[in-house]
Structures are given as structure tokens and as C-alpha cells.
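For reference, the structure discussed in these notes is given below.
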Amino acid sequence: KAGVTQTPRYLIKTRGQQVTLSCSPISGHRSVSWYQQTPGQGLQFLFEYFSETQRNKGNFPGRFSGRQFSNSRSEMNVSTLELGDSALYLCASSLSGRAGDTQYFGPGTRLTVL
Amino acid sequence: AQTVTQSQPEMSVQEAETVTLSCTYDTSENNYYLFWYKQPPSRQMILVIRQEAYKQQNATENRFSVNFQKAAKSFSLKISDSQLGDTAMYFCAFMKRPNNAGNMLTFGGGTRLMVKP
């Protein structure tokens with residue numbers, strides 16, 4: 001079974017632009033979570049989607065948004081990019097989204113904001 | 001809010017030896033899950049081991065085992081017979097078990113482990 005895939009793998013943007021990242025979960029998985037990883041703040045939870053509904057949200061500004069499609073694929077969008085948004089964005093999927101379900105991570109999208 | 005602390009930013013171990021990575025957490029929850037994830041230089045995060053807080057028995061997965069001390073809120077990872085492929089960042093993570101379903105991992109800052117030949 002194919003793992004979690006994320007596209008693109010690398011992205012360079014300038015301040016003020018917006019960006020959309022994509023995540024395809026493992027086949028059959030219905031929950032998708034997003035995390036931001038930076039050297040300074042470490043790994044931080046962004047949001048979780050299950051059955052096209054946002055179920056949990058981390059402490060990030062409204063510039064960060066996401067959605068999930070009926071096939072469980074998810075996208076996250078960051079508008080009005082800031083230098084501090086440079087990070088590795090990780091997507092993780094789990095089968096049912098129940099608490100305790102193992103989350104399987106994708107390789108990440110490395111976003112650089114200039 | 002939950003916090004997870006990994007007090008060892010970096011560690012090294014000789015190949016074939018045993019190493020223990022520390023993790024403490026702070027929570028008012030009684031039911032929760034704890035995880036150790038490994039992130040090799042390739043960046044793909046991989047689950048190493050999982051512990052359910054209501055199970056007293058320590059989880060074991062081949063060369064990896066945990067020492068779960070619920071009262072002390074401690075969750076250390078022991079790697080036996082260390083191999084070069086164990087070189088990676090190791091993250092301890094917490095997930096609470098609420099009444100409503102949901103996934104949200106709270107991660108520690110990580111421990112960079114280097115296995116030396």
C-alpha cells in the first residue's frame with residue numbers, strides 16, 4: 001500500500017504570496033492532520049480533518065487554512081506569507097481518526113519564504 | 001494544555017550498545033497515549049513505539065522498549081543493540097483520549113541520537 005504523499009516536496013515563495021500544499025493519505029485512511037516543523041518552535045499541530053470536516057485546530061493565525069475532499073485528500077493554504085512561515089510542513093493520516101490511532105507521516109513539504 | 005519535555009538535545013552511543021532517551025510530560029488527563037517517533041535524516045517520520053496509559057505493561061517492539069512511569073509522568077525509550085540505522089531525531093509525543101474522537105499529537109523538542117561505529 002502506498003504511503004502518505006505530499007506535493008510539492010520543495011517550494012520557494014516570497015513574502016505576501018500565498019501557497020497551497022497537498023497531501024494524499026494512505027488508501028482507506030479518513031483522518032488527515034497537518035504539522036509545522038521549525039528549528040525554533042519544533043513540531044506544532046496545525047489542524048486535523050476527518051470526513052471533510054475540521055475536527056481540531058492548533059494555535060495558528062487565520063492565514064493558515066485547510067480543507068479535505070471526499071476522497072480524503074487534503075490541502076492546506078497559507079495566505080500572505082511571512083518569513084516565519086518557512087518550515088517543513090508534515091501531513092499525517094490515520095485510519096479512523098480515533099484518539100490513539102497511529103498517525104503515518106508523509107515526507108513533508110519544505111517551504112522557504114524569501 | 002499538555003507539555004512534553006525531552007531534556008537531552010543530543011546523545012551518542014556506540015554500535016551494539018544500549019541507550020535510553022528520556023521524556024517527561026505534564027497533563028491533567030488520566031487516559032492518554034504516548035508515542036516515540038523517529039525522524040531519520042531523510043525526514044520521513046516513523047512510529048517507533050506506542051503506549052496506552054491505562055495499560056501498565058511497558059510496550060516493546062523488537063529492540064525498542066519503553067519504561068512508562070505514569071505517576072512520575074515519565075516515558076523513556078530504551079534502544080538495545082544500537083544500529084547505525086538508528087541514527088535519527090527521536091520525538092516523544094502525547095495524545096489525549098477525549099470522549100470525542102480526535103487526533104492531535106503534542107511533541108517534545110526531540111533528541112538527536114547518533115550511533116557511532
Side-chain angles (χ1 to χ4, degrees), chain A residues 2-6 9-10 23 25-26 29-51 53-60 66 68 72 74 87-111, chain B residues 1-10 23 25 27 29-55 59 61 64 68 75 88-112:
Chain A
V4 178
T5 57
Q6 292 186 246
R9 293 292 310 277
Y10 301 91
C23 171
I26 292 171
H29 284 197
R30 296 173 63 194
S31 169
V32 173
S33 298
W34 289 89
Y35 295 84
Q36 181 196 63
Q37 185 175 20
T38 60
Q41 299 298 317
L43 279 153
Q44 293 184 289
F45 172 78
L46 279 157
F47 28 65
E48 181 212 357
Y49 286 87
F50 180 77
S51 292
T53 301
Q54 186 181 89
R55 192 159 59 175
N56 290 301
K57 189 176 192 305
N59 189 24
F60 278 83
Q68 186 180 34
S72 295
S74 177
L88 181 69
Y89 289 89
L90 295 170
C91 163
S93 76
S94 64
L95 185 60
S96 65
R98 285 196 308 265
D101 265 2
T102 296
Q103 293 192 26
Y104 296 88
F105 284 81
T109 294
R110 168 73 63 187
L111 172 64
Chain B
Q2 287 67 230
T3 59
V4 179
T5 302
Q6 294 178 248
S7 58
Q8 307 148 316
E10 291 187 4
C23 172
Y25 57 94
T27 184
E29 304 285 337
N30 190 45
N31 291 322
Y32 48 86
Y33 301 86
L34 294 163
F35 305 82
W36 278 98
Y37 278 89
K38 166 185 175 182
Q39 189 177 40
S42 67
R43 296 287 186 178
Q44 188 100 23
M45 192 89 75
I46 305 163
L47 177 69
V48 175
I49 203 162
R50 174 181 180 273
Q51 174 81 41
E52 299 173 38
Y54 54 90
K55 289 187 177 179
E61 198 69 47
F64 299 89
F68 173 49
F75 183 61
M89 279 288 286
Y90 286 81
F91 292 97
C92 177
F94 172 102
M95 180 188 291
K96 63 181 180 180
R97 190 185 186 205
N99 291 328
N100 57 323
N103 281 346
M104 183 183 118
L105 286 166
T106 300
F107 286 92
T111 295
R112 185 178 304 279

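None of the values given here were measured: they were computed from a predicted structure. Lettering of chains follows the sequences in order, A, B, ..., and the numbering in each one begins at 1.
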- Query: Can you find a heavy atom in the side chain of A:Leu88 that is under 4.5 Å from one in the side chain of B:Gln39?
  - Reply: yes

- Item | Which atoms of B:Tyr32 approach chain A - backbone, side chain, both or neither, heavy atom under 4.5 Å | neither

- chain B contact via A:Gln41 - side chain, backbone, both or neither, heavy atoms under 4.5 Å: neither

- What's the shortest heavy-atom distance between A:Tyr35 and B:Leu105, and which atoms? OH-N, 3.1 Å

- Look up atom CE in B:Met95 and atom CD in A:Gln103, then write down how far apart they are to the nearest 0.5 Å. 4.5 Å

- Gap between atom OH of A:Tyr104 and atom CG of B:Leu47 - 0.5 Å precision: 7.0 Å

- Between OH of B:Tyr37 and CG of A:Leu90, what distance do you get to the nearest 0.5 Å? 11.0 Å

- Message: Heavy-atom count check: over 12 atoms from other residues, nucleotides or ligands less than 6.0 Å from B:Arg112 CZ?
- Response: no

- Side chain / backbone / both / neither for A:Phe47 at chain B, heavy atoms under 4.5 Å: neither

